[in-house]
Amino acid sequence: AATRSGGRPWASAARAVASMAFPPRALRPRWPRLWGRRGLRAAPPDPPEPLPTSQRYRVRRLPFAPLARGDLEFLERALPGRASTDPAELEPRNVDWLRSVRGCSQLVLKPQTTAEVSQVLRYCYEKNLAVTPQGGNTGLVGGSVPVFDEIILSTALMNRIISFDEVSGILVCQAGCVLEKLNEYVEEQGFIMPLDLGAKGSCHIGGNVATNAGGLRLLRYGSLRGTVLGLEVVLADGSILDCLTSLRKDNTGYDLKQLFIGSEGTLGVITAVSILCPQKPKAVNLAFLGCQSYPKVLETFSTCRAMLGEILSAFEFMDEKCMELVEKHLKLSSPVPGSPFYILIETSGSNSAHDEEKLNGFLERAMTSGLVTDGTVATDAKKIKALWSLRERITEALTRDGYVYKYDISLPVGKLYDLVTDTRARLGRSAKNVVGYGHLGDGNLHLNITAESYSHSLLDAIEPFVYEWTARCNGSISAEHGLGFKKKQFIGYSKPREAVQLMRHFKALLDPKGILNPYKMLPSAP
């Protein structure tokens, strides 16, 4: 194959990628050098339709087999009417939600059962065909779309609820069930899902588990590593691992499900989930408050935890820049104007009078002591939803503000906003906006930088500064979004070399040919 200077192969578009051929130099896009000592770099996003990821990033295609006519014929027989090469159907599945990366897959498969997933993976393993598992495709790090021509294995039709125990609250369902639909179902039984995300209307529970999604309820109900009781997983060679237990206590051997929670589809395809659902609160209150400084936000959080105790279910914060963007781009209005910081405090319990008394006591303390300057409280569902939208739709507002550089950081709570302040000072006028918001209750900051368009010099100013800053504070470069394709090269800022090497051993053991979601999560070999 032809190579660029430096001897690294340069991938072409779908047809050339599929045939493992590389175009002449003259046909390659003339982007600036994208491979550097700090890992992968994004090329400019122009034109508006993102170029294939293989062209925007310097990526070496691994020696997987191209999709042949005989492969397509077999897979069409295995999944009659559910193996599509229709470009109209492939287009949205080849592009991520942020429209920042795009694959060149020529085939999407839509199995309905675990047996069908097993049959597909067994064939792909034998033929050395790479596969990208895909749920609702709502990820933010490029983990759910192909990089080259990997076959897309969609769980969209695996949307059956298998069972629900009304006594224990244990739900067993297929991986393709949409989170919001599951929540509606269990609510009818008097329960709720233990996680809540802004993308709940389209994300799949299997994808949530595969990425160990966090969200808005983690403070109250913990992470999926605690609420997921069992999994059914199909391994790379088609073997079915049935650990779909519904037991809360099972101390027999290694807890294998933990290997697959947060593995981002690189170790196996999750096909079914057993998850513990908490009872639906009978009383929910939401307070939206304004604070004059981040130290006041921290003090409010400490007071809140002490006074609200067991009924505290969420504590979110956002800065004034976030509010400005939400008001400007989404035409939403703040009920508490003119504050440098905003916090959302949700309580949920079983006794409305008791909860309101505790919340009112806290609010009185917070106001009289000067922790908060203004606020509003909602108890009816419509107003609660309107207030939550101010927080949940920040990501949408950011995408309308320009090109977005997104960072999902875990830090000690006391240092959380210092990263925003330091980044803002470092970038100055080279960035359009630098904003911070997130789940203060579990130390998760969403740092976002917007610019009119992509700038390589701006990216160099951001990275590795943000990762080095995070590492110095013993934080994590990915709190809940995962590593996917975009962040995999930076894992060393959060994990020691020995840990990464052990991860490689697990990958080699469970997927010796590396066909499952290649180019994701683990850094490229030197």
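Side chains are part of it too, since the values below use all heavy atoms of this structure and drop only hydrogens, waters and symmetry mates. Quick caveat, the model's predicted, so the values are computed rather than measured.
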Quiz item: So, Lys486 side chain and Leu483 main chain: donor-acceptor pair closer than 3.5 Å or not?
Solution: no

Quiz prompt | Side chain proximity check, Lys406 to Leu98, heavy atoms < 4.5 angstrom | solution = yes

Quiz item: Going by the side-chain hydrogen bond (donor to acceptor under 3.5 Å, both in side chains) test, which pairs reach into residues 136-148, not counting sequence neighbours?
Solution: Asn137-Ser144

Exercise. Not counting sequence neighbours, which residues clear side chain to side chain contact (heavy atoms under 4.5 Å, CB included) with Asp418? List them please.
Key: Lys415, Trp469

Quiz item: With no hydrogens and no angle check, is any side-chain donor or acceptor of Glu480 less than 3.5 Å from a backbone partner on Gly215?
Solution: yes

Quiz item: Do Val233 and Ile270 come within less than 4.5 Å of each other through their side chains, counting heavy atoms only?
Solution: yes

Practice problem: Check side chain to side chain contact (heavy atoms under 4.5 Å, CB included) between Asp374 and all other residues, then give those that pass, not counting sequence neighbours. | Solution: Val336

Quiz item: Side chains of Lys487 and Tyr493: do they bring a donor and an acceptor to under 3.5 Å?
Solution: no

Self-check item: Polar side-chain atom of Gln292 near backbone of Thr373 as donor-acceptor pair, under 3.5 Å
Solution: no

Quiz item: Which heavy atom of Ile409 sits nearest a heavy atom of Leu411, and at what distance?
Solution: CG2-CG, 3.5 Å

Practice problem: Please determine, by modelled atom types, if Asn285 and Thr347 share a side-chain donor-acceptor pair under 3.5 angstrom. | Solution: yes

Exercise. Begin from the C-alpha positions of Arg99 and Thr399 and carry the test side chain to side chain contact (heavy atoms under 4.5 Å, CB included) through to its verdict.
Key: CA-CA 10 Å; Arg99 304 194 67 77; Thr399 60; over 6 Å; no

Exercise. Quick one: pull up CG in Leu286 and OG1 in Thr376 and give me the separation to the nearest 0.5 Å.
Key: 9.0 Å

Quiz prompt | Ring centre gap for Phe315 and Phe317 strictly below 6.0 Å | solution = no

Quiz item: How would you list, by chain and number, every residue that makes a side chain to side chain contact (heavy atoms under 4.5 Å, CB included) with Lys280, sequence neighbours excluded?
Solution: Glu187, Ile192

Self-check item: All pairs passing salt bridge (Lys or Arg N to Asp or Glu O under 4.0 Å) where residues 430-447 contributes a residue, at least two apart
Solution: Asp401-Lys432, Lys432-Glu452

Exercise. Mind checking side chain to side chain contact (heavy atoms under 4.5 Å, CB included) for Leu107 and listing every partner two or more places apart, or none if nothing turns up?
Key: Leu67, Leu72, Leu75, Ala83, Thr85, Leu109, Ile151

Self-check item: Contact list for residues 211-221, test salt bridge (Lys or Arg N to Asp or Glu O under 4.0 Å), sequence neighbours left out
Solution: none

Quiz item: Does NZ in Lys507 sit with more than 12 non-hydrogen atoms of other residues, nucleotides or ligands closer than 6.0 Å?
Solution: yes

Quiz item: Just how far is it from atom CD1 of Ile161 to atom NZ of Lys181, taken to the nearest 0.5 Å?
Solution: 10.5 Å

Practice problem: Step by step, work out the side chain to side chain contact (heavy atoms under 4.5 Å, CB included) result for Ile345 and Phe362. | Solution: CA-CA 11 Å; Ile345 299 171; Phe362 158 73; 3.6 Å; yes

Exercise. Quick one: closest heavy-atom pair of Phe288 and Ser334, and the distance?
Key: CE2-OG, 4.1 Å

Practice problem: If a pair satisfies salt bridge (Lys or Arg N to Asp or Glu O under 4.0 Å) and one of its residues is in residues 196-212, list it, with sequence neighbours excluded. | Solution: Asp196-Lys200, Lys200-Glu392

Exercise. For the pair Thr450 (side chain) and Asn433 (backbone), establish whether a donor and an acceptor sit closer than 3.5 Å, ignoring hydrogens and angles.
Key: yes

Quiz item: By salt bridge (Lys or Arg N to Asp or Glu O under 4.0 Å), which residues pair with Glu396, not counting sequence neighbours?
Solution: Arg393, Arg400

Quiz item: Do the side chain of Asn517 and the main chain of Gly143 share a donor and acceptor less than 3.5 angstrom apart?
Solution: yes

Quiz prompt | ring pair (Phe, Tyr, Trp, His ring centres under 6.0 Å) between Tyr405 and Tyr407, intermediate numbers included | solution = CA-CA 7 Å; Tyr405 303 84; Tyr407 300 91; 7.4 Å; no

Practice problem: Of all the heavy-atom pairs spanning Gln174 and Ile205, show the shortest one and how long it is. | Solution: O-CG2, 3.6 Å

Quiz item: Just by modelled atom types, is the Ser105 backbone N or O under 3.5 Å from a matching donor or acceptor in the Asn94 side chain?
Solution: yes

Quiz item: Around Arg365, counting heavy atoms of other residues, nucleotides and ligands shown, do more than 12 lie under 6.0 Å from its CZ?
Solution: no

Quiz item: With sequence neighbours left out, which residue pairs that include part of residues 292-316 fulfil the salt bridge (Lys or Arg N to Asp or Glu O under 4.0 Å) condition?
Solution: Glu310-Lys358, Glu316-Arg391

Quiz item: Side chains of Ser524 and Arg60: donor-acceptor distance under 3.5 Å anywhere?
Solution: no

Practice problem: Carefully, step by step, assess Thr423 and Phe465 under the rule side chain to side chain contact (heavy atoms under 4.5 Å, CB included). | Solution: CA-CA 8 Å; Thr423 304; Phe465 169 77; 3.6 Å; yes

Quiz item: Looking just at side-chain N and O atoms, do Thr395 and Tyr437 make a donor-acceptor pair shorter than 3.5 Å?
Solution: yes

Quiz item: Has the side chain of Lys321 got a donor or acceptor atom that lies under 3.5 Å from a matching backbone atom of Val434?
Solution: no

Quiz item: How would you list, by chain and number, every residue that makes a salt bridge (Lys or Arg N to Asp or Glu O under 4.0 Å) with Lys110, sequence neighbours excluded?
Solution: Glu89

Quiz item: Between the main-chain N or O of Ala479 and the side-chain N or O of Asp408, is there a donor-acceptor pair closer than 3.5 Å?
Solution: yes

Quiz item: When you measure from the side chain of Arg225 to the backbone N and O of Gln258, does any donor-acceptor pair fall under 3.5 Å?
Solution: yes

Quiz prompt | Thr227 side chain to Ile275 backbone, donor-acceptor under 3.5 Å | solution = no

Quiz prompt | Residue pair Val178 / Ser202: nearest heavy atoms and the distance that separates them | solution = CG1-N, 4.0 Å

Quiz prompt | Asp96 to Val145 - nearest heavy-atom pair and separation | solution = N-CG1, 3.7 Å

Practice problem: Of all the heavy-atom pairs spanning Leu363 and Ala287, show the shortest one and how long it is. | Solution: CD2-CB, 4.3 Å

Quiz item: Hey, mind stepping through Glu346 and Leu219 against side chain to side chain contact (heavy atoms under 4.5 Å, CB included) and telling me if it holds?
Solution: CA-CA 10 Å; Glu346 184 187 75; Leu219 177 64; over 6 Å; no

Quiz item: With sequence neighbours left out, what residues match Asp319 under salt bridge (Lys or Arg N to Asp or Glu O under 4.0 Å)?
Solution: Arg424

Exercise. Can you label the angle between the Tyr417 ring and the Phe341 ring as parallel, tilted or perpendicular, going by 30° and 60°?
Key: perpendicular

Exercise. Report the distance from atom CG of Leu312 to atom SG of Cys304, rounding to the nearest 0.5 Å.
Key: 4.5 Å

